[in-house]
Amino acid sequence: MRIVLIGPPGAGKGTQGKLLSSMLRIPHLSTGGMLRTMRSGTPGQVQCRLQNWARAHLNTGELAPDELIMQMLAERLQQPDCQAGYLLDGFPRTLGQAEMLDSYLERRQQSLDIVLDLRVELAEIVRRLRARASVENRPDDADIVVRERLRVFEIQTACLLGYYEKRGLRTQIEATSGPEGVFDKIQAVVNQMQRDHGAA
Ligand code: AMP
């Protein structure tokens with residue numbers, strides 16, 4: 001199963017991604033997590049430009065260039081553990097990335113199964129990110145960067161919801177309740193989808 005999780009920063013993509021990937025036994029691929037790891041590691045040649053980008057910009061809320069992110073992800077998707085499916089968290093984030101992912105999948109005669117759109121009110125997002133900043137000490141959770149990340153989400157990522165809606169892939173999940181309540185809803189949607197696929 002190939003799943004995309006979309007939501008603003010603080011929507012719970014990381015938490016829900018972990019839960020869902022362990023339920024379905026597919027890898028949870030977070031491009032933000034990959035960039036954070038790469039920033040401190042010794043990369044291969046393709047990743048050198050991304051590592052430079054990450055060192056200079058990762059804490060600013062800006063997005064990395066589409067082509068570089070797609071290259072990084074494509075390398076990861078070719079690993080054996082991704083052959084039975086995967087869950088993408090934080091990718092795609094732009095229309096360009098969504099189109100690149102579509103062509104990547106088409107070339108392999110594959111497609112996405114579902115796009116989970118995590119909906120959370122702005123005030124709740126700000127509250128969660130402030131709490132996370134004090135616990136995880138993530139520099140990109142600082143107030144000024146949070147505002148930038150939310151702005152970037154609205155400008156670059158929110159348009160993907162229409163893109164996936166048109167393809168019949170988008171399912172909205174009301175994600176304001178606690179993590180367990182949200183996961184119950186996601187589980188119900190995914191189980192239903194598996195039943196429908198089984199019946200088709
Ligand atoms: P996240 O952990 O998903 O919030 O991502 C942290 C940061 O990594 C983002 O604010 C961006 O700077 C960068 N990033 C993560 N995923 C992408 C992506 N798909 N495209 C471009 N930049 C990304």
Side-chain angles (χ1 to χ4, degrees), residues 1-9 11-14 16-18 20-21 23-35 37-38 44 46-47 49-50 53-54 57-58 61-119 149-173 175 186 189-200:
M1 190 170 288
R2 295 178 204 88
I3 301 176
V4 167
L5 269 181
I6 295 187
K13 298 189 298 296
Q16 298 303 327
K18 277 192 204 101
L20 191 53
S21 80
M23 172 184 135
L24 295 172
R25 297 200 185 85
I26 53 175
H28 170 208
L29 308 180
S30 149
T31 44
M34 290 157 94
L35 287 169
T37 304
M38 180 184 291
V46 175
Q47 301 189 338
R49 284 172 61 203
L50 251 190
W53 180 91
H57 302 282
L58 192 54
E62 279 173 51
L63 294 185
D66 287 349
E67 292 74 18
L68 296 184
I69 284 281
M70 185 65 220
Q71 268 179 333
M72 172 181 80
L73 186 70
E75 274 185 24
R76 181 67 186 87
L77 295 185
Q78 274 147 42
Q79 302 297 311
D81 63 333
C82 293
Q83 302 321 304
Y86 41 81
L87 186 150
L88 299 178
D89 157 3
F91 183 96
R93 249 175 159 106
T94 64
L95 210 48
Q97 292 179 12
E99 288 167 353
M100 284 180 200
L101 177 62
D102 277 352
S103 350
Y104 175 91
L105 292 169
E106 263 164 42
R107 284 198 298 278
R108 287 161 182 77
Q109 289 160 345
Q110 296 175 336
S111 54
L112 293 173
D113 292 290
I114 192 166
V115 172
L116 297 169
D117 165 20
L118 301 188
R119 320 286 302 169
R149 288 166 69 207
L150 289 170
R151 194 182 71 85
V152 168
F153 178 82
E154 282 307 323
I155 293 173
Q156 312 244 47
T157 311
C159 60
L160 294 184
L161 301 175
Y163 180 86
Y164 286 124
E165 177 77 37
K166 276 194 203 129
R167 285 160 179 71
L169 287 170
R170 172 190 178 201
T171 296
Q172 293 191 47
I173 304 284
I186 292 181
V189 165
V190 169
N191 287 339
Q192 183 60 50
M193 190 181 68
Q194 286 180 317
R195 280 196 291 276
D196 294 348
H197 280 199

Does the pair Thr171 and Gln192 meet the rule for a side-chain contact (heavy atoms from CB on, under 4.5 Å), with working shown? CA-CA 12 Å; Thr171 296; Gln192 183 60 50; over 6 Å; no
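- Residues Met193 and Asp196 have side chains not in contact (no heavy-atom distance under 4.5 Å, counting atoms from C-beta outward).
- Of all heavy-atom pairs between Gly85 and Pro27, the closest is O-CD, 3.4 Å.
- Checked by atom type and distance alone, the side chain of Gln83 pairs as donor or acceptor with a backbone atom of Gln79 at under 3.5 Å.
- For Arg170 (side chain) and Gly162 (main-chain N/O), no donor-acceptor pair under 3.5 Å exists by modelled atom type.
- Gln16 contributes no side-chain N or O that, together with a main-chain N or O of Gly12, makes up a donor-acceptor pair within less than 3.5 Å.
- Under the 4.5 Å side-chain criterion, counting only non-hydrogen atoms from C-beta, Val115 is not in contact with Leu160.
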Please assess Leu20 against Leu116 for the test side-chain contact (heavy atoms from CB on, under 4.5 Å), listing each intermediate value before the final yes or no. CA-CA 11 Å; Leu20 191 53; Leu116 297 169; 3.8 Å; yes
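- Within the model, atoms CD of Gln78 and CD of Glu75 stand 7.5 Å from one another, a figure rounded to the nearest 0.5 Å.
- The shortest side-chain heavy-atom distance between Ile114 and Val189 falls under the 4.5 Å cut-off.
- Between Leu73 atom CG and Leu68 atom CG the span is 12.5 Å, to the nearest 0.5 Å.
- Taken to the nearest 0.5 Å, the CZ atom of Arg76 stands 5.0 Å off from the CG atom of Leu29.
- Of all heavy-atom pairs between Met70 and Phe91, the closest is SD-CZ, 3.6 Å.
- Counting all heavy atoms, side chain and backbone alike, Ala175 lies closest to Leu118 at CB-CB, 4.1 Å.
- The minimum heavy-atom distance linking Met1 with Val190 is given by the pair SD-CG1, 4.1 Å.
- Between the side chain of Lys13 and the backbone N or O of Asp89 there is no donor-acceptor pair closer than 3.5 Å.
- Leu88 contributes atom CG, which lies 9.0 Å from atom NE2 of His28 (distance to the nearest 0.5 angstrom).
- Between the SG atom of Cys159 and the CD atom of Glu154 there is a distance of 10.0 Å, given to the nearest 0.5 Å.
- Remark: the backbone N or O of Gln156 is not paired with any side-chain donor or acceptor of Thr94 at under 3.5 angstrom.
- Asp113 places no side-chain N or O within 3.5 Å of a backbone atom of Ile3 that could act as its donor or acceptor partner.
- Judged by a 6.0 Å distance limit and a 45° cone about the ring axis, Arg108 is positioned over the six-membered ring of Tyr104.
- In Arg25, the CZ atom is not crowded: 12 or fewer heavy atoms of neighbouring residues, nucleotides or ligands sit closer than 6.0 Å.
- Distance check: Leu112 CG to Leu105 CG gives 5.5 Å after rounding to the nearest 0.5 Å.
- Considering only heavy atoms from C-beta on, Leu35 comes within 4.5 Å of Ile69 through its side chain.
- With a 4.5 Å cut-off on side-chain heavy atoms, Asp102 and Arg167 count as touching.
- When all heavy atoms of Pro9 and Phe153 are compared, the closest pair comes out as CD-CB, 4.3 Å.
- Using a 4.5 Å heavy-atom threshold, the side chains of Met38 and Leu58 count as separate.
- Closest approach of Thr157 to Arg93, counting heavy atoms only: OG1-O, 2.7 Å.
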